[in-house]
Colleague: 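Sharing a structure, written as structure tokens. Questions coming.
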Amino acid sequence: AGGCPYAAAADAESRVDSYDQIRRAVLGAIERRRLRPDADHDAVSEEIALAVEEYQRRARLGHELPLGRPHEMARRVLRSIVDFGPLTDLVTDPGIEEIFIEGARVTYLDGRGRLRGLTEPTSDTETRQIVARLLAASDRQLNAKYPLVQARVLSGAARLTAAIPPVADQLSATLRRYTVQDVSLADLVARDSLGPQAAAFLAAVMQQRTRIVGSGEPG
């Protein structure tokens, strides 16, 4: 009743494959025409439409799997080139405090502090380009000469830490947004981060006139 997991995996793989094919074709056209994605929006959209049309033509000849929603594919590719691709909503959402990238795998902490995974498929190449785009406004680069980098990004609203081989096995990055929040013990209990008994114990301990240090992992 739930469907075949192998079929679902194959479908996800085909969507990533078609997306990468179209995206690479558009990036090649942008490089040949020396377009600027941030300024030549109409020209970039035109190249995307041509790439999607060419992919569908090959699909009609039996060389590719046809796109069910070509307009949605065009939107995804445009967002990838002029914005932050599958990470756009996460990067622009002030409620998302941390985003973790491990190759093509993206996870994040939602507004309730729960770790979730990105459902939209992506690839190692795309996440690497997203990190490069985040760093573009800073004076830092992530390459073979500088395989480990830290920088303030998003107009100073967040800090990006990223590493690539040989420092890491693959692209490993963390985007942490600067937030100022007044979080109480009651808030932690509501988030299921702390039990009510533990919260009551901490509240009682902090009333004592002794030197106490409280610590924990970030996030």
Colleague: Answer yes when Arg79 and Asp89 have at least one side-chain N-carboxylate O distance shorter than 4.0 Å, and no when they do not.
Modeller: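 Asp89 and Arg79: salt-bridged.
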Colleague: Is any side-chain heavy atom of Leu118 closer than 4.5 Å to a side-chain heavy atom of Pro86?
Modeller: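 They are in side-chain contact.
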Colleague: Would you indicate whether the side-chain heavy atoms of Val77 and Val52 approach each other to under 4.5 Å?
Modeller: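 No - every pair of side-chain heavy atoms lies 4.5 Å or more apart.
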Colleague: Surrounding CZ of Arg58 (heavy atoms of other residues, nucleotides or ligands, distance under 6.0 Å), is the total greater than 12?
Modeller: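 Result for CZ/Arg58: enclosed.
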Colleague: Please round to the nearest 0.5 Å and tell me the distance separating atom OG1 of Thr122 and atom CG of Leu87.
Modeller: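 Between Thr122 OG1 and Leu87 CG, I get 7.0 Å after rounding to 0.5 Å.
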Colleague: Okay, side chain of Arg140, backbone of Gln150: is any donor-acceptor separation there less than 3.5 Å?
Modeller: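 Looks like yes, one N/O pair under 3.5 Å.
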Colleague: Could you state the interatomic distance from CG (Leu185) to OG (Ser193), rounded to the nearest 0.5 Å?
Modeller: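 The distance works out to 11.5 Å.
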Colleague: Working to the nearest 0.5 angstrom, can you tell me the gap between Asp20 CG and Glu126 CD?
Modeller: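 Nearest 0.5 Å value for the CG-CD distance: 7.0 Å.
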Colleague: Using 0.5 Å steps for rounding, measure from the OG1 atom of Thr125 to the CZ atom of Arg23.
Modeller: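 Interatomic distance, Thr125 OG1 to Arg23 CZ, rounded to 0.5 Å: 7.5 Å.
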Colleague: Kindly check if the number of other-residue, nucleotide or ligand heavy atoms within 6.0 Å of CZ (Arg36) is above 12?
Modeller: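 No - once you tally the heavy atoms of other residues, nucleotides and ligands closer than 6.0 Å, there are 12 at most.
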Colleague: Side-chain contact, heavy-atom cut-off 4.5 Å: Glu98 with Thr174?
Modeller: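 Heavy-atom side-chain distance check passes, below 4.5 Å.
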Colleague: Determine, step by step, whether Leu175 and Phe84 satisfy the side chain to side chain contact (heavy atoms under 4.5 Å, CB included) criterion, reporting the C-alpha distance in whole Å, the side-chain angles of both residues, the deciding distance to 0.1 Å, and the verdict.
Modeller: CA-CA 13 Å; Leu175 181 68; Phe84 299 109; over 6 Å; no
Colleague: Is there a donor-acceptor contact under 3.5 Å from the side chain of Tyr108 to the main chain of Ile101?
Modeller: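 No.
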Colleague: Is a side-chain donor-acceptor pair under 3.5 Å present for Ser45 with Asp42?
Modeller: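 Result is no, nothing qualifies.
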Colleague: If we ignore hydrogens and angles and just use 3.5 Å, is the side chain of Arg177 paired with the main-chain N or O of Gly95 as donor and acceptor?
Modeller: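 Flag not set: sc Arg177 to bb Gly95 has no pair under 3.5 Å.
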Colleague: Give a yes or no on this: more than 12 heavy atoms of other residues, nucleotides or ligands lie within 6.0 Å of atom CG of Asp93.
Modeller: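 Atom CG in Asp93 is packed in, count exceeds 12.
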Colleague: Please check: side-chain N/O of Asp110 versus main-chain N/O of Arg114, any donor-acceptor pairing under 3.5 Å?
Modeller: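 Answer holds: yes.
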Colleague: Count the heavy atoms of every other residue, nucleotide or ligand shown that sit under 6.0 Å from CD of Gln141, and state whether that count exceeds 12.
Modeller: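 No, because the 6.0 Å sphere around CD of Gln141 holds 12 heavy atoms or fewer from other groups.
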Colleague: Treating Arg133 as the side-chain partner and Asp83 as the backbone partner, does any N or O pair qualify as donor plus acceptor under 3.5 Å?
Modeller: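 Pair found, side chain donor or acceptor close to backbone of Asp83.
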Colleague: Is it true that Arg76 and Glu72 have a side-chain N and a carboxylate O under 4.0 angstrom from each other?
Modeller: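 Result for this pair is no, no salt bridge flagged.
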